[in-house]
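Here the structure is laid out as structure tokens; the discussion comes afterwards.
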Amino acid sequence: MNQKNFYKNITGTHMEDAPKSTRKQYRNRFLSYRFEIMDDDNIHSISFRGKLTDEETKKMLASIQNCLYEKTADRIQTYLEQNNIAYTGFVASRKPLNHSRTMKLAELFLHSETCNSLDTHTSSADIYYTIIDHQQPGNKNNCEGCYVVVQRTPALNKCQHKYNIIGQTFSCNETSSNEYGYFAIRENKGNGLLDNIALSNGEPVLPTFGCIDMTWLLINIDSIQTAEQAVQHAVK
């Protein structure tokens with residue numbers, strides 16, 4: 001379907017079904033979307049400009065829940081086309097991941113005091129999502145990694161964005177079973193400062209081994225306020 005028909009459909013059908021506040025937010029222009037997914041070896045990046053309601057965005061995220069990270073770009077574009085959602089400039093890329101830089105990015109999300117420091121990484125997009133699901137073995141059976149999900153939306157005012165962050169950095173030793181983790185749930189208020197809604201330092205909140213549902217954690221990031229809720233959504 002061509003771009004003209006996409007635009008006609010989104011403005012004539014989907015937008016009429018959306019709440020008035022959502023229609024007002026999205027009807028005037030295309031917003032830029034950026035996704036970054038980091039696994040053990042690669043960074044998968046997806047970007048496009050489009051018009052999605054909040055509900056459509058959640059459904060798009062749900063469409064990638066059970067797919068491999070390297071298939072995310074195909075799944076997102078398929079969702080846009082099958083649901084006749086207006087979009088343009090779709091670009092997907094993959095490049096090798098640097099472990100040290102990935103851990104520093106996780107530290108940035110989990111420890112920065114202000115939104116300005118995060119904007120240096122995310123400011124190229126109106127709406128930004130990331131999933132970091134990464135660990136790397138080291139010497140003597142040591143392992144270091146992180147789980148992080150981030151949502152950035154233009155919800156506060158013209159000058160600031162709303163951040164929701166859930167994440168954990170961890171280290172462990174397979175031989176001794178020693179584990180250490182730093183876990184935080186964070187969000188910002190209107191003053192541009194990042195607040196810790198929940199914080200744990202010591203025993204990891206999320207398991208360092210096993211299957212973590214990072215996409216479901218991201219989909220529900222708005223409603224998760226405690227470590228216990230994070231575990232319920234993330235651990236299969």
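Owing to the predicted nature of the structure, the values given are computational and were not obtained by experimental measurement.
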Between [X] (side chain) and [Y] (backbone), is there a donor-acceptor pair under 3.5 Å?
{"X": "Arg75", "Y": "Ser63", "value": "yes"}
{"X": "Arg186", "Y": "Ser112", "value": "yes"}
{"X": "His233", "Y": "Leu217", "value": "no"}

Between His111 and Tyr182, does the ring centroid distance fall short of 6.0 Å?
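Yes, ring centres under 6.0 Å apart.
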
Strictly under 6.0 Å, is that where the ring centroids of Phe183 and Tyr147 end up?
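No, the ring of Phe183 stays outside the 6.0 Å limit from the ring of Tyr147, centre to centre.
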
Testing the basics here: between [X] and [Y], what is the closest heavy-atom pair and its distance to 0.1 Å?
{"X": "Ser124", "Y": "Ser32", "result": "O-OG, 3.9 Å"}
{"X": "Gln65", "Y": "Thr215", "result": "CA-CG2, 3.7 Å"}
{"X": "Ser223", "Y": "Gln229", "result": "O-OE1, 3.6 Å"}

Are the side chains of [X] and [Y] in touch, meaning some heavy atoms are under 4.5 Å apart?
{"X": "Phe90", "Y": "Ile46", "result": "yes"}
{"X": "Tyr79", "Y": "Glu56", "result": "yes"}
{"X": "Leu194", "Y": "Thr114", "result": "no"}
{"X": "Asp126", "Y": "Tyr33", "result": "no"}
{"X": "Asn173", "Y": "Asn142", "result": "yes"}

Can you confirm whether the side chains of [X] and [Y] place a donor and an acceptor under 3.5 Å from each other?
{"X": "Glu36", "Y": "Tyr128", "value": "yes"}
{"X": "Thr208", "Y": "Glu179", "value": "yes"}
{"X": "Tyr163", "Y": "Asp119", "value": "yes"}
{"X": "Tyr87", "Y": "Glu81", "value": "yes"}
{"X": "Arg152", "Y": "His161", "value": "yes"}
{"X": "Asn42", "Y": "Tyr69", "value": "no"}

Answer yes when Asp222 and Lys58 have at least one side-chain N-carboxylate O distance shorter than 4.0 Å, and no when they do not.
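Yes, this pair counts.
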
Among Val149, Val150, Thr102, Thr169, whose side-chain contact (heavy atoms from CB on, under 4.5 Å) with Ile132 holds?
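For Ile132, the side-chain contact (heavy atoms from CB on, under 4.5 Å) check succeeds only for Thr102.
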
